[in-house]
A.B. asks: 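What follows is a structure written as structure tokens; I'll ask about it next.
Basis for what follows: all heavy atoms, side chains included, without hydrogens, waters or symmetry-related copies.
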Amino acid sequence: MRKLGIYIHIPFCVRKCLYCDFLSAPADEEVREQYVEALCREIRKESQKYADRTIETIFLGGGTPSVLTGDQLSRILQTVYRRYRISETPEISMEINPGTATEEKLATYKEAGVNRLSIGLQSTVDEELQRLGRIHNSRDFFDLYEIAVKTGFNNINIDLMSAIPGQSLESWQKSLERILELDPAPEHISAYSLIIEEGTPFYENTPPLPDEDTEREMYRITNDILRKAGYERYEISNYAKPGYACRHNCTYWERGDYTGFGIGAASMVDNTRFSNSPELEAYLKGKACRENYRELSAKEQMEEFMFLGLRMMKGVSTKQFQELFGKSISQVYPGIVEKYCEQGFLRRIEGNAQERIALTERGIDVSNVIMADFLLT
């Protein structure tokens, strides 16, 4: 059986954050219930296409999936379990936010099969949370984390955001240290920097942000602090204790197959990318929503192999590239790997009878520039 990941988009939140450009918005209980029904319809309808697949991961993202009731979440996952072949050891992740998840909800989520939580914290400094437009404070997070552990969740990710308005190097370090003081400490930490996206309030009125040198230093101390605490950096912005890397996200970076349900959800199956319409009203009426089908050319597949694979610290396999595309990396990208190896931005890793190419610590700082060089003209 071939493997498949499932992404389920929950486009609702209590209030849009000032930096958020995700497909999400507040909605009343009636709309949320109609959406859950539409989701279950889509999940059932599409199931026949994946009869030869085993579902290895399910990821409920948003928005804020924890605005759903326990019953709504249970119905969604039950629909998946009834219509799809599920792995014996699936990773079922759910994003939750402080201020929306209660002890009762978490117990129901766990009973429904959720075995990995991703908590949207961003900062442990209340003033920074206020500047971002978050609905919670740090106390709300610590209370939620305690409840999650008490409920029996033992695979928890914490989202932290650097380079946010008014943040200093010291306050960023404080957030990291307070997370590591949790008992038990989380199994996974996603530490990424704020990106100002077009169409957000921050884009229209950009607040003062830390300068580029400070942002780079934040990335450096993050790696130092988390490595000393026993976390492995396995992707540019993601750190995990041994055995706790996010399997679903690795599917994206390794170009595995996944299908998305819900408005705006993206899919990639058999080297064909497609997505759902972002129109909520049409989706609620059960209208066909899958669109933008595009089979990737060999050139696009090679590009993705390189710039997605290089996000991971283990890098890309030269042997796998040769097997997939019938050409070596040096044939397709003459001189590029050599150039960046000489400059200290890429490195060759030998082992297990195959070579890998990966970013160095210096290369991570300029990763966007390096990855752009693997776009074929």
A.B. asks: Please answer whether the main-chain N or O of G264 pairs with a side-chain N or O of S275 as donor and acceptor at a distance below 3.5 Å.
C.D. replies: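 Not confirmed, S275 side chain does not pair with G264 backbone.
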
A.B. asks: Is it true that R41 and E37 make a salt bridge, defined as a side-chain N closer than 4.0 Å to a carboxylate O?
C.D. replies: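 The answer is no: the pair does not qualify as a salt bridge.
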
A.B. asks: Do you know the tightest heavy-atom contact between V67 and C13?
C.D. replies: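 Taking every non-hydrogen atom into account, CG1-CA, 4.3 Å.
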
A.B. asks: Check the pair K228, D224 against salt bridge (charged side-chain N to carboxylate O under 4.0 Å, His left out), reporting the backbone distance first and the verdict last.
C.D. replies: CA-CA 6 Å; K228 290 176 183 175; D224 289 347; 6.0 Å; no

A.B. asks: Which word best sums up how the rings of Y7 and H248 line up, parallel for under 30°, tilted for 30 to 60°, or perpendicular for over 60°?
C.D. replies: tilted

A.B. asks: Mind running side-chain contact (heavy atoms from CB on, under 4.5 Å) on I6 and I43 for me, showing each step along the way?
C.D. replies: CA-CA 10 Å; I6 286 178; I43 291 168; over 6 Å; no

A.B. asks: Ion pair present between D270 and R2, side-chain N to carboxylate O less than 4.0 angstrom?
C.D. replies: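 Salt bridge between D270 and R2, a charged N being under 4.0 Å from a carboxylate O: yes.
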
A.B. asks: Any idea which heavy atoms bring M161 and W172 closest together, and the distance?
C.D. replies: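 Answer, listing the atom of M161 first, then W172: O-CZ3, 3.3 Å.
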
A.B. asks: Going through the checks in order, is the side-chain hydrogen bond (donor to acceptor under 3.5 Å, both in side chains) test met by E235 and N249?
C.D. replies: CA-CA 10 Å; E235 191 269 345; N249 287 342; over 6 Å; no

A.B. asks: I'd like to know if the side chain of R255 and the backbone of E304 have a donor-acceptor N/O pair within less than 3.5 Å.
C.D. replies: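 Side chain of R255 to backbone of E304: no pair is present.
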
A.B. asks: Does the distance from a Lys or Arg side-chain N to an Asp or Glu carboxylate O, for E279 and K285, drop under 4.0 Å?
C.D. replies: no

A.B. asks: Kindly determine whether T57 and R116 satisfy side-chain hydrogen bond (donor to acceptor under 3.5 Å, both in side chains), including the steps that lead there.
C.D. replies: CA-CA 11 Å; T57 64; R116 182 179 184 273; over 6 Å; no

A.B. asks: How long is the straight-line distance from OG of S138 back to CZ of R178, given to the nearest 0.5 Å?
C.D. replies: 5.0 Å

A.B. asks: For a 4.5 angstrom cut-off between non-hydrogen side-chain atoms, does L160 reach L121?
C.D. replies: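 A side-chain contact under 4.5 Å exists here.
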
A.B. asks: Can you classify the ring geometry of F345 versus Y340 as parallel (below 30°), tilted (30 to 60°) or perpendicular (above 60°)?
C.D. replies: tilted

A.B. asks: Give a yes or no on whether a salt bridge exists between K299 and E303, defined as a side-chain N under 4.0 angstrom from a carboxylate O.
C.D. replies: yes

A.B. asks: Does a side-chain N-to-carboxylate-O contact under 4.0 Å join E338 and R348?
C.D. replies: yes

A.B. asks: Got a salt bridge between K314 and E254, using NZ or NE/NH1/NH2 to carboxylate O under 4.0 Å?
C.D. replies: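 Between E254 and K314 there is a salt bridge, with a charged N closer than 4.0 Å to a carboxylate O.
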
A.B. asks: According to a hydrophobic-cluster definition based on side-chain heavy atoms being under 4.5 Å apart (Ile, Leu, Val, Met, Phe, Trp, Tyr only), do I336 and F321 belong together?
C.D. replies: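 Same hydrophobic cluster.
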
A.B. asks: Answer yes when R273 and E300 have at least one side-chain N-carboxylate O distance shorter than 4.0 Å, and no when they do not.
C.D. replies: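 E300 and R273: not salt-bridged.
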
A.B. asks: Between D71 and R75, does at least one N-O distance fall below 4.0 Å, as a salt bridge requires?
C.D. replies: yes

A.B. asks: Flag the pair K339 and E342 as a salt bridge only when some basic side-chain nitrogen lies within less than 4.0 angstrom of an acidic carboxylate oxygen.
C.D. replies: no

A.B. asks: Applying a strict under-4.5 Å side-chain criterion to I, L, V, M, F, W and Y, I'd like to know whether I158 and I135 cluster together.
C.D. replies: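 Same hydrophobic cluster.
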
A.B. asks: Taking the side chain from S87 and the backbone from T89, do they hold a donor-acceptor pair closer than 3.5 Å?
C.D. replies: yes

A.B. asks: Please indicate whether Q343 has more than 12 foreign heavy atoms, meaning atoms of other residues, nucleotides or ligands, lying under 6.0 Å from its CD.
C.D. replies: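 Yes, because the 6.0 Å sphere around CD of Q343 holds more than 12 heavy atoms from other groups.
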
A.B. asks: Walk me through it: do F59 and E95 pass the test side-chain contact (heavy atoms from CB on, under 4.5 Å)?
C.D. replies: CA-CA 8 Å; F59 195 103; E95 293 178 347; 3.4 Å; yes

A.B. asks: Hey, does the side chain of S74 reach the backbone of G70 with a donor-acceptor pair shorter than 3.5 angstrom?
C.D. replies: yes

A.B. asks: Establish, from distance only, whether the side-chain atoms of N155 and E91 form a donor-acceptor pair under 3.5 Å.
C.D. replies: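 Note: N155 and E91 side chains miss the donor-acceptor criterion.
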
A.B. asks: Checking the side chain of N223 only, and the main-chain atoms of R220 only, is there a donor and an acceptor separated by less than 3.5 Å?
C.D. replies: no

A.B. asks: Does D213 pair with R216 as a salt bridge, N-O distance under 4.0 Å?
C.D. replies: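 Salt bridge between D213 and R216, a charged N being under 4.0 Å from a carboxylate O: yes.
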
A.B. asks: Tell me if the centroids of the rings in F22 and H9 come within less than 6.0 Å of each other.
C.D. replies: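 No, the ring of F22 stays outside the 6.0 Å limit from the ring of H9, centre to centre.
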
A.B. asks: What I want to find out is whether K174 reaches E128 closely enough, with some N-O distance under 4.0 Å, to be called a salt bridge.
C.D. replies: no

A.B. asks: Would you compute the distance between atom CZ of R233 and atom CZ of R227 and round it to the nearest 0.5 angstrom?
C.D. replies: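 The CZ atom of R233 sits 9.5 Å away from the CZ atom of R227.
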
A.B. asks: If I take atom CZ from residue F202 and atom OH from residue Y19, how far apart are they, to the nearest 0.5 angstrom?
C.D. replies: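 Spacing of CZ (F202) from OH (Y19) equals 8.5 Å.
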
A.B. asks: Compare every heavy atom of Y244 with every heavy atom of N154, then report the nearest pair and how far apart it is.
C.D. replies: O-CE2, 3.7 Å

A.B. asks: Distance from L60 atom CG to L77 atom CG, nearest 0.5 Å?
C.D. replies: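 The CG atom of L77 is 5.5 Å from CG of L60, to the nearest 0.5 Å.
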
A.B. asks: Check for a donor-acceptor pair, side chain of S175 on one end and backbone N or O of T124 on the other, with a separation under 3.5 Å.
C.D. replies: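 Yes, because the side chain of S175 sits within donor-acceptor range (under 3.5 Å) of the backbone of T124.
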
A.B. asks: Within a reach of under 6.0 Å around CD of E323, are more than 12 heavy atoms found that belong to other residues, nucleotides or ligands?
C.D. replies: yes

A.B. asks: For the pair R134 (side chain) and P98 (backbone), establish whether a donor and an acceptor sit closer than 3.5 Å, ignoring hydrogens and angles.
C.D. replies: no

A.B. asks: Determine, for E103 against K150, whether the closest basic-nitrogen to carboxylate-oxygen distance falls under 4.0 angstrom.
C.D. replies: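 Looking at K150 together with E103, the answer is yes, because their closest N to O distance falls below 4.0 Å.
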
A.B. asks: Just wondering, more than 12 heavy atoms not from E204 lying within 6.0 Å of its CD?
C.D. replies: yes

A.B. asks: I'd like to check V337 versus T318 (side-chain heavy atoms, cut-off strictly below 4.5 Å). Are they in contact?
C.D. replies: no

A.B. asks: Looking at every non-hydrogen atom in both residues, tell me the closest pair between R44 and T79 and how far apart they are.
C.D. replies: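 In this case the closest contact between R44 and T79 is CG-CG2, 3.5 Å.
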
A.B. asks: Run the numbers on L73 and I10 for side-chain contact (heavy atoms from CB on, under 4.5 Å), then give the verdict.
C.D. replies: CA-CA 10 Å; L73 185 280; I10 309 298; over 6 Å; no

A.B. asks: What orientation do Y283 and Y35 show, parallel under 30°, tilted 30 to 60°, or perpendicular over 60°?
C.D. replies: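 Rings of Y283 and Y35: tilted, 30 to 60°.
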
A.B. asks: Please confirm whether the backbone N or O of R347 pairs with a side-chain atom of T360, one donor and one acceptor, at under 3.5 Å?
C.D. replies: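 Between the backbone of R347 and the side chain of T360 there is no qualifying donor-acceptor contact (under 3.5 Å).
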
A.B. asks: If we count only N and O atoms by modelled type, under 3.5 Å, do the side chains of N97 and S66 hold a donor and an acceptor together?
C.D. replies: no

A.B. asks: Just to verify, which of F307, F305, F374, F325 counts as forming a ring pair (Phe, Tyr, Trp, His ring centres under 6.0 Å) with Y333?
C.D. replies: F374

A.B. asks: State which residue, out of I96, N115, I119, V114, fulfils the side chain to side chain contact (heavy atoms under 4.5 Å, CB included) condition with F153.
C.D. replies: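 Looking at I96, N115, I119, V114, the match for F153 under the side chain to side chain contact (heavy atoms under 4.5 Å, CB included) is V114.
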
A.B. asks: With heavy-atom distances below 4.5 Å as the criterion, would you say the side chains of V316 and Q320 are in contact?
C.D. replies: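 Sidechains of Q320 and V316: no contact.
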
A.B. asks: Looking only at heavy atoms, which two atoms of E291 and P278 are closest? And how far apart?
C.D. replies: OE2-CD, 4.1 Å

A.B. asks: Does I147 offer a backbone N or O that forms a donor-acceptor pair with the side chain of T151 under 3.5 Å?
C.D. replies: yes

A.B. asks: Would a single hydrophobic cluster contain both Y81 and Y109, if residues Ile, Leu, Val, Met, Phe, Trp and Tyr are joined by side-chain heavy-atom contacts under 4.5 Å?
C.D. replies: yes

A.B. asks: Does the side-chain contact (heavy atoms from CB on, under 4.5 Å) test come out yes or no for L346 and L359, once each step is laid out?
C.D. replies: CA-CA 4 Å; L346 288 177; L359 290 170; 3.7 Å; yes

A.B. asks: Whether the side chain of E187 engages the backbone of I156 through a donor-acceptor N/O pair (distance < 3.5 Å, no angle test) should be reported.
C.D. replies: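 Yes, because the side chain of E187 sits within donor-acceptor range (under 3.5 Å) of the backbone of I156.
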
A.B. asks: Do R290 and T259 come close enough that some side-chain heavy atom pair is under 4.5 Å?
C.D. replies: yes

A.B. asks: Tell me the closest heavy-atom pair linking H188 and A240, and the distance in Å.
C.D. replies: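 Taking every non-hydrogen atom into account, CD2-CB, 3.7 Å.
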
A.B. asks: Would you indicate whether the side-chain heavy atoms of C250 and M312 approach each other to under 4.5 Å?
C.D. replies: yes

